[in-house]
Amino acid sequence: MCGIFAYTGSSGKDASKILLDGLVSLEYRGYDSAGIFTPESGSVKTPGAVAELKKKVPKKFNGKSGIAHLRWATHGEPTEVNAHPHSDGSGELWIVHNGIIENFKELKDKLTKKGHTFRSSTDTEVLAHLVEEYLKTEKNFEKAALAALNDVRGTYGIALQYKGEPDKIIAARMGSPIVLGLGDGEHFIASDPSPILPHTKKVVFLEDGDVAIITPDGHTIQKLDSSSVKRETTEIDWSAEEVQKGGYQHFMLKEIMEGPEVIENTLRGRLIAQTGMAKLGGLEAVAEELSQIERIIIVACGSAHIAGLIGEYMIEEFAGIPVEVEHASEFRYRSPVLNQRTALIAISQSGETLDTLEAVREGKRRGALTLGIVNAVGSTIARETDAGVYNHAGPEVSVASTKALISELVALTLLTIFLGRQRGMSEKTAQEIALALKELPNKVQHILGSSKEIEKLATKYASMRDFIFIGRKYNYPVAFEGALKLKEISYIHAEGYGAGEMKHGPIAMIDENFPTFAIVPKDSVYEKNVSNIHEIKARKGPVIALATEGDNEIAKLADDVIYVPQTLEMLSPILNVVPLQLFAYYFAREKGLNPDRPRNLAKSVTVE
Ligand code: F6R
């Protein structure tokens with residue numbers, strides 16, 4: 001997820017000031033590098049966020065129009081050279097882009113053969129060169145842009161400017177949001193309305209396949225096949241902050257709701273369903289070494305550690321490699337025995353958690369191959385590991401991790417297929433997993449559709465002071481996640497336990513004021529879980545069951561039931577964490593707490 005903003009006006013306003021101010025409200029979309037271009041003053045780019053860019057932009061930098069960008073890196077490190085805007089070879093065409101161009105390598109090879117040379121490792125620069133190439137034959141900016149867009153596969157929201165027609169900016173949307181702002185003698189393009197709202201409330205939301213042209217005096221929209229189209233103008237009365245949250249009250253809820261999109265983004269271009277293969281570009285260089293490893297150690301903290309525990313079950317079952325999962329803060333202080341046949345995998349959303357980073361360094365010192373499953377591109381863990389897989393979940397603003405955990409689980413599934421196929425996992429098994437993965441976005445969407453019922457349930461239980469979450473096998477770690485989410489944003493006592501361990505101690509706590517959240521999907525341990533629920537009911541403990549759709553029997557036993565769709569047992573945690581995240585969110589809200597800003601916690605823990 002990146003933020004783009006473009007402006008063209010005729011009243012002599014300073015476009016650079018408008019663009020830099022606007023970027024601030026888009027900062028939640030990305031903050032690892034930033035840049036601006038105006039035809040009059042050229043471009044300025046920098047690693048870091050808007051404050052860094054403002055420091056770098058000279059006083060005399062101005063212009064009547066321009067484009068600007070905040071990057072959340074996907075292709076290429078967050079360096080100055082990879083920051084947007086990107087230009088073609090001649091420096092006449094400039095582009096800002098949000099999304100991923102899937103066939104960029106193919107296009108780059110073709111253009112390289114035609115003599116184009118590239119400065120950055122981004123997919124975006126390829127698009128600028130492609131428009132340049134078409135400009136040679138089409139001799140028309142709009143036609144060249146359309147022709148180039150017709151060659152592109154993937155997702156994009158773009159703004160494109162040509163020095164030859166400085167008043168005109170072309171926008172296009174395919175999968176990544178674009179909104180136009182319609183002012184008086186000035187027009188805007190942005191990823192969301194927040195930077196536009198200080199100037200005008202009138203906006204037009206583009207749809208996929210739309211290409212728009214703005215000038216100071218108006219706008220036109222056409223489809224990729226050049227047919228013209230009209231889109232409704234909307235009057236927005238949201239505040240800029242409300243817009244950033246997509247109309248949700250909190251980032252946490254918005255990020256939970258992004259689940260289906262996040263799964264698609266983590267999977268994009270990485271699953272070859274026909275042959276049951278996972279294509280993980282970040283692991284290609286170490287694929288041979290990986291085929292020789294005899295043991296895996298996963299190090300992580302908090303929710304990322306919980307993802308690791310689920311990964312352990314997947315990798316051991318489907319790739320047959322022994323896996324241990326450790327809190328990074330423990331691993332780094334003991335004397336672990338590792339060797340060159342050990343892969344140490346660090347899982348981290350931020351890529352900056354100090355304990356996880358130090359565990360990676362410890363692993364390296366002891367000779368292990370180090371890998372990262374990281375969301376923040378170019379972060380320290382991503383840089384210091386030997387190889388890795390990026391999650392592509394987009395920036396996570398809310399302190400409590402939600403969508404990042406889902407992306408970590410999807411990335412771990414891809415890794416399981418990758419390692420499994422190196423070790424004799426059958427094509428059929430891999431295809432089954434691939435197919436089930438592809439169905440997940442719709443299934444998560446379906447769960448999100450029942451958020452009102454989960455909200456009611458949270459209200460019903462909001463006066464409780466203690467909770468226990470139980471699960472078995474793949475959903476044993478899910479019990480930890482349910483408890484962690486509730487603790488960290490509601491400040492109540494909650495514990496995650498293996499359902500089979502209840503009778504070894506915790507069941508003594510159960511009474512009518514101590515509810516149990518039982519994660520009880522229809523899987524290979526269903527009957528065992530049901531027995532545990534019976535034991536709790538016999539002690540008058542209230543039970544909320546998280547069960548599989550169609551399981552009517554469970555409703556006779558539990559006090560309340562949340563249903564989720566059926567999927568493969570190994571993938572069930574990806575569905576089951578969603579209602580637990582929603583439950584924790586609504587529970588905290590019901591108690592009048594701000595889920596985005598839990599007390600005593602920071603988003604990125606860079607202390608020991
Ligand atoms: C839980 C949460 C934390 C993080 C942990 C690791 O909701 O947000 O437990 O999961 O601090 O952070 P990363 O993944 O950035 O290393």
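Excluded from the calculations below are hydrogen atoms, water molecules and symmetry mates; all remaining heavy atoms, backbone and side chain alike, are included. Because the structure is predicted, anything quoted here is derived from the model rather than measured. Counting convention: from 1, in listed order, for ligands and their atoms alike. When a residue number appears, it is its place in the shown sequence, counting from 1.
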For ligand 1, which atoms, with element, lie under 4.0 Å from some heavy atom of [X]?
{"X": "E488", "answer": "1 (C), 2 (C), 7 (O)"}
{"X": "A304", "answer": "10 (O), 14 (O)"}
{"X": "S350", "answer": "13 (P), 15 (O), 16 (O)"}
{"X": "V399", "answer": "8 (O)"}
{"X": "Q349", "answer": "13 (P), 14 (O), 15 (O), 16 (O)"}

Does any donor atom in the side chain of [X] or [Y] lie under 3.5 Å from an acceptor atom in the other side chain?
{"X": "K485", "Y": "S303", "result": "yes"}
{"X": "Y474", "Y": "E317", "result": "yes"}
{"X": "H446", "Y": "E549", "result": "yes"}
{"X": "D355", "Y": "T353", "result": "no"}
{"X": "R71", "Y": "N82", "result": "no"}

Does atom CD of Q340 have more than 12 heavy-atom neighbours from other groups under 6.0 Å away?
->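 Not more than 12 within 6.0 Å, no.
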
Discussion item. I'd like to know whether ligand 1 has K485 as a neighbour, heavy-atom separation below 4.0 Å.
Written reply: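 So K485 counts as touching ligand 1.
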
- Are any of the N/O atoms in T356 less than 3.5 Å from those in ligand 1?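 No, T356 has no N/O under 3.5 Å of an N/O on ligand 1.
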
